[in-house]
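Data first, discussion second: the structure below is written as structure tokens.
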Amino acid sequence: IYQLHPSLPPFLRHRLMESAGEGGVQKLDTEFIKFYADFAAQLDEKVRNANQNAVSIVKIEELNFLRALRIAVKTEQWTLTQAIAQTLYEFYEIRGRFREWSALRSSLLDHTGREISIDAPRNLADLWMFLLGEEANEALRENRLDDAEHFYVKIIQYLQTKTLPEPEAERKIAVGYHQLGIIAEERQQFDVAEQWYRKALEIFERLGLERDAADEYHQLGMIAQERQQFDVAEQWYRKALEIRERLGLKRYAADEYHQLGMIAEERQQFDVAEQWYRKALEIRERLGLERDAADDYHQLGMVAQERQQFDVAEECYRKALEIYKRLGLERDAAGDYHQLGMVAEERQQFDVAEECYRKALEIFEKLGLERYAAYDYHQLGMIAQERQQFDVAEQWYRKALEIRERLGLERYAAGDYHQLGIIAQERQQFDEAEECYRKALEIFDKIGHPPLKVNTLAVFGVLRFQQGR
């Protein structure tokens, strides 16, 4: 592969214009964009599945694809524009080049317009829906949930108003339902999310679209997991996995391996969890999916931490953090700052731990992610408690508790009640301590979490002894 000097292409184009004339150059440009649009369409599915040969080809041809895209936009050949843009999106997403795709997508939307007339040409409307859908996906990643919802609803309303061939319109509407489910899930509205996923699933199953149906099985598994229904979650993940393995979709099968690892981890089956995470990691590293691999490093760190292997855990978290920071993924990086704080706390390095928690908290608060900020409020309470600063600790715990009760996160609220009970016990406020422990035990009985229940029963036993009961 050889690179031309930057001055050579303009010189050669000028000579070509002299010999072929403007009409001849336009004809060559037309053939050029047709070739690269066809080439992009052939590569799209392979790039989406992270086929390394296809990804390497796009990397080599990237500048030609971009030039063809510019010409297609200039000449308003929207079908060819979408074919090229879609493959470049898949390429940038796999390579973690999110900012470049964001800039390119924004530029394309400036040409299509962010609003579309109901009688706009079909190929222009298709491109608009693709670009606006990606704009919504970015808003979702950045926790701008109202913006994301607005974009998805706008696309669905267009599809419901415009007369399109039924199966094609239905599939696109179902994709919109799926994304509205993810927004509801981010808002902790799990019943609403489930309704959207089942609505999408009904369409995909009726149309015989197994691959798309697998996405809904996966998300229904996520909902069950949030509800602590681990057997149900596992069934959904395995249903999705069967389809993805049968269709040879290794990239997406790795998502199920990862989630099955999380289920095993919840069940305290750490050896099984590690096997699942490593199975996912092997695929993701082989396919060059750095962002996804970072998720596996993070969870392998969690497993090592559970085993009290803090050096191993730290190494895994730092691997994940390096990737997230390099790719500009603040939200994900915050999770590893939090876990590095946990490791430092285990080592009694409380100043280091506090610094990590505050780094994570700054990001979560900035992004409006209350659920995750509550984890750091709780841990900052633990740090204050270790320093015998009980008033400060109580403030942190109550801040976390308010969020968790409001969001219906009972399991984690129980942890706050447990710690508030310990503080009351330290202050010799035995009645208040007992009330807190009973609230925690009531939740643990309800959700069925023996390890956490044992911890609360142990301190409750000490309290009973202190009370002389």
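Please read all numbers here as calculations on a predicted model, not as lab measurements.
Looking at Trp128 and Trp78, their side chains never come closer than 4.5 Å, going by heavy atoms from C-beta outward. In this structure the side chain of Leu409 reaches within 4.5 angstrom of the side chain of Gln188, judged on heavy atoms. When side chains are defined from C-beta on, Gln385 does not count as touching Glu426, because their heavy atoms never get closer than 4.5 Å. A heavy-atom distance below 4.5 Å is not found between the side chains of Glu134 and Phe151. You'll find the side chain of Gln299 stays beyond 4.5 Å of the side chain of Val303, heavy atoms only. Side chains of Tyr36 and Leu80 form no contact here, defined as non-hydrogen atoms less than 4.5 Å apart. At least one side-chain heavy atom of Phe98 sits less than 4.5 Å from a side-chain heavy atom of Arg291. With contacts defined as side-chain heavy-atom distances shorter than 4.5 Å, the pair Arg244/Asp215 qualifies.
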Item to check | Step-by-step side-chain contact (heavy atoms from CB on, under 4.5 Å) determination, Ile203 to Asp212 | outcome: CA-CA 10 Å; Ile203 295 172; Asp212 294 312; over 6 Å; no
Next on the checklist: Determine whether Trp236 and Ile223 satisfy the following criterion, side-chain contact (heavy atoms from CB on, under 4.5 Å), listing intermediate values before the conclusion.
Outcome noted: CA-CA 10 Å; Trp236 285 120; Ile223 294 294; over 6 Å; no
Checklist entry - Do Thr79 and Asp126 pass the side-chain contact (heavy atoms from CB on, under 4.5 Å) test, and can you show the C-alpha distance, the side-chain angles, and the key distance before you say yes or no? => result CA-CA 8 Å; Thr79 301; Asp126 285 343; over 6 Å; no
Item to check | Chi angles and distances behind the salt bridge (charged side-chain N to carboxylate O under 4.0 Å, His left out) call for Glu330, Lys366 | outcome: CA-CA 10 Å; Glu330 273 192 312; Lys366 182 177 70 173; 2.7 Å; yes
Checklist entry - How far apart are the C-alpha atoms of Tyr297 and Leu321, what are their side-chain angles, what is the distance that settles it, and do they pass the side-chain contact (heavy atoms from CB on, under 4.5 Å) test? => result CA-CA 9 Å; Tyr297 285 130; Leu321 181 61; over 6 Å; no
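Remark: side-chain polar atoms of His178 are not paired, donor with acceptor, to backbone N or O of Ala174 under 3.5 angstrom. In this structure, Arg251 contributes its side chain and Arg48 its backbone to a donor-acceptor pair below 3.5 Å. For Asn51 (side chain) and Asn53 (main-chain N/O), a donor-acceptor pair under 3.5 Å exists by modelled atom type. Of the possible polar contacts, one joining the Tyr324 side chain to the Asp295 backbone as a donor-acceptor pair under 3.5 Å is found. Panel note: side chain Tyr317, backbone Gly335; no donor-acceptor pair is recorded below 3.5 Å. The main-chain N or O of Gln52 is found under 3.5 Å from a side-chain atom of Ser56 such that the two form a donor-acceptor pair.
Taking each heavy atom of Gly328 and Arg99 in turn, the nearest pair found is CA-NH2, 3.4 Å. Taking every heavy atom of both residues into account, Ala233 and Ile263 meet most closely at CB-CD1, 3.7 Å. Glu205 and Ala213 make their closest contact through CG-CB, 4.4 Å (heavy atoms, listed as atom of the first residue, atom of the second, distance). Nearest heavy-atom pair, Ile33 versus Ile84, reported as atom, atom and distance to 0.1 Å: O-CD1, 4.5 Å. Of all heavy-atom pairs spanning Asn49 and Leu287, the tightest one is O-CD1, 4.1 Å. Scanning all heavy atoms of the two residues, the minimum distance from Ala125 to Ile116 falls at CA-CD1, 4.2 Å.
With rounding to the nearest 0.5 Å, the separation of CZ in Phe130 from NZ in Lys172 is 11.5 Å. Distance check, rounded to the nearest 0.5 Å: CZ of Phe190 to OH of Tyr197 gives 9.5 Å. Note that the CD1 atom of Ile403 and the NE2 atom of His378 stand 13.0 Å from one another [nearest 0.5 Å]. Atom CD of Glu265 is separated from atom CG of Leu260 by 12.5 Å, given to the nearest 0.5 angstrom. Between Gln219 atom CD and Ile182 atom CD1 the span is 4.5 Å, to the nearest 0.5 Å. Tyr158 OH to Met129 CE: the interatomic distance, rounded to the nearest 0.5 Å, is 5.5 Å.
At a threshold of 4.0 Å, the pair Glu135-Arg114 counts as salt-bridged, since one of the basic side-chain nitrogens sits closer than that to a carboxylate oxygen. Contact check on Asp231 versus Arg267 returns a salt bridge, with a Lys/Arg side-chain nitrogen under 4.0 Å from an Asp/Glu carboxylate oxygen. Ion pairing of Glu285 with Lys319 is absent here, as no side-chain N (NZ or NE/NH1/NH2) approaches a carboxylate O to less than 4.0 Å. Between Lys325 and Asp336 there is no salt bridge, since none of the side-chain N atoms of the basic residue sits less than 4.0 Å from a carboxylate O of the acidic one. With salt bridges taken as basic N to acidic carboxylate O contacts below 4.0 Å, none links Arg141 and Glu93. Ion pairing of Arg398 with Glu402 is absent here, as no side-chain N (NZ or NE/NH1/NH2) approaches a carboxylate O to less than 4.0 Å.
A donor-acceptor pair shorter than 3.5 Å can be found between the side chains of Gln179 and Asn137. In summary, the side chains of Glu216 and Tyr177 do not present any donor paired with an acceptor at a separation below 3.5 Å, with no hydrogens or angles considered. One side chain, Glu62 or Tyr92, offers a donor N or O that lies under 3.5 Å from an acceptor on the other.
For CD of Glu274, the number of neighbouring non-hydrogen atoms (other residues, nucleotides, ligands) closer than 6.0 Å is greater than 12.
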